[in-house]
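Note on naming: letters A, B, ... go to the chains in the order of the sequence lines (proteins, then strands), and numbering restarts at 1 for each one.
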2 protein chains.
Amino acid sequence: MRLFMDIAKALADETRVRILAALRRQELCVCQIVELAQLAPSTVSKHMTVLRQARLVDSRKEGRWIYYRLADTAAPSAVQEGLTWVWASLRGDSRIKEDKKKLQSILKMGTEQLCKKQNQR
Amino acid sequence: MRLFMDIAKALADETRVRILAALRRQELCVCQIVELAQLAPSTVSKHMTVLRQARLVDSRKEGRWIYYRLADTAAPSAVQEGLTWVWASLRGDSRIKEDKKKLQSILKMGTEQLCKKQNQR
DNA sequence: CCTATAATTCGCCAAATGACGAATTATAAT
DNA sequence: ATTATAATTCGTCATTTGGCGAATTATAGG
């Protein structure tokens with residue numbers, strides 16, 4: 001029950017679901033997610049902690065950047081089946097589509113350039 | 001996105017998940033759920049509203065009693081696939097098993113007798 | 001070594017959530 | 001009609017949650 005509830009709670013926030021959907025194509029570092037979600041880094045960081053606690057994402061460190069990716073096939077089945085449910089339910093969702101477009105432009109500019117831009121604010 | 005989030009939020013509370021699991025075998029009236037969950041009727045009522053809003057349950061009125069049952073095959077696929085995920089993830093869960101046992105004794109005593117017992121408190 | 005910076009942790013606040021009891025509504029029974 | 005009662009709605013409260021900025025940590029680069 002514990003893991004299941006962690007997953008369900010993690011999925012009960014729209015921002016986190018949008019982040020998961022964004023991670024579906026490729027891994028992302030925090031500053032890229034910040035740009036997508038238009039939230040403070042500290043807020044995104046907290047969301048990522050919730051998602052990792054639920055085993056929905058994994059992370060790896062590369063220099064100063066931390067990259068998050070979707071849980072892989074090594075994840076518990078509750079996680080994998082949960083994600084399957086999410087994808088099926090959000091197929092064609094307009095919000096997710098918008099995010100996908102926005103992501104493309106975020107990915108076009110390099111990671112360094114993106115972080116610079118954020119510091120200017 | 002809207003319905004999906006309603007479902008995800010509805011599933012993000014352990015009491016509600018337990019109620020859903022209890023409904024898997026048979027429909028239940030509110031007083032039976034009150035007995036199972038050991039919560040105030042008003043609290044259970046609110047939970048049921050959340051579950052119905054998410055389309056996870058339907059209800060029917062019979063006299064003074066309102067019976068809730070799991071969503072059937074007419075429900076949106078997000079609901080059905082969500083429930084499939086729940087069942088798969090909670091298979092063998094000890095809390096759900098305990099509830100199942102408790103439910104049996106609740107079902108043994110008639111509905112009227114049960115409500116009387118609650119009024120005594 | 002020292003500075004810059006990507007990310008996290010911490011402390012705080014506003015909003016949402018889950019709980020209860022009291023009041024209300026609707027139905028059954030006297 | 002009046003009373004009893006199953007369930008809901010309402011008002012209130014404590015806890016949790018999601019957000020931010022400031023402080024902290026860890027790594028890259030001058």
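Between A:R16 and D:dG18, a side-chain N or O to OP1/OP2 separation shorter than 4.0 Å is present. Taking 4.0 angstrom as the limit, A:K61 places a side-chain polar atom (N or O) nearer than this to OP1 or OP2 of D:dT27. The shortest distance between the side-chain N/O atoms of B:T43 and the OP1/OP2 oxygens of C:dC20 is below 4.0 Å.
Judged by closest nucleotide on DNA chain D, B:T49 is the one of B:T49 and A:H47 placed further toward the 5' end. If you find the closest nucleotide of DNA chain D to A:L39 and to B:Y68, the one lying nearer the 5' end belongs to B:Y68.
In this pair, B:F4 and A:W85 present their aromatic rings tilted. The plane angle is within the 30 to 60° band.
A salt bridge does not link B:K102 with B:E35: none of the charged nitrogens is closer than 4.0 Å to a carboxylate oxygen.
Nearest nucleotide to the A:S42 side chain, out of C:dA7, C:dA19, C:dT9: C:dT9. Of the candidate nucleotides D:dA7, D:dT27, C:dT27, C:dT27 has the atom lying nearest to any side-chain atom of B:R64. When the nucleotides D:dA6, C:dT8, D:dT17 are ranked by their closest atom to the side chain of A:S45, C:dT8 comes out on top.
The residue B:K46 sits close to a base: some heavy atom pair falls under 4.0 Å.
Distance CG (B:L51) to C1' (C:dT17): 14 Å, rounded to an integer number of Å. Atom CH2 of B:W65 is separated from atom C1' of C:dT27 by 10 Å (rounded to the nearest Å). To the nearest angstrom, P of C:dA15 lies 19 Å from CD of A:E14.
In this structure, B:R16 contributes its side chain and B:A10 its backbone to a donor-acceptor pair below 3.5 Å.
Inspection of the A:S59 and A:R69 side chains reveals no N or O donor paired with an N or O acceptor under 3.5 Å.
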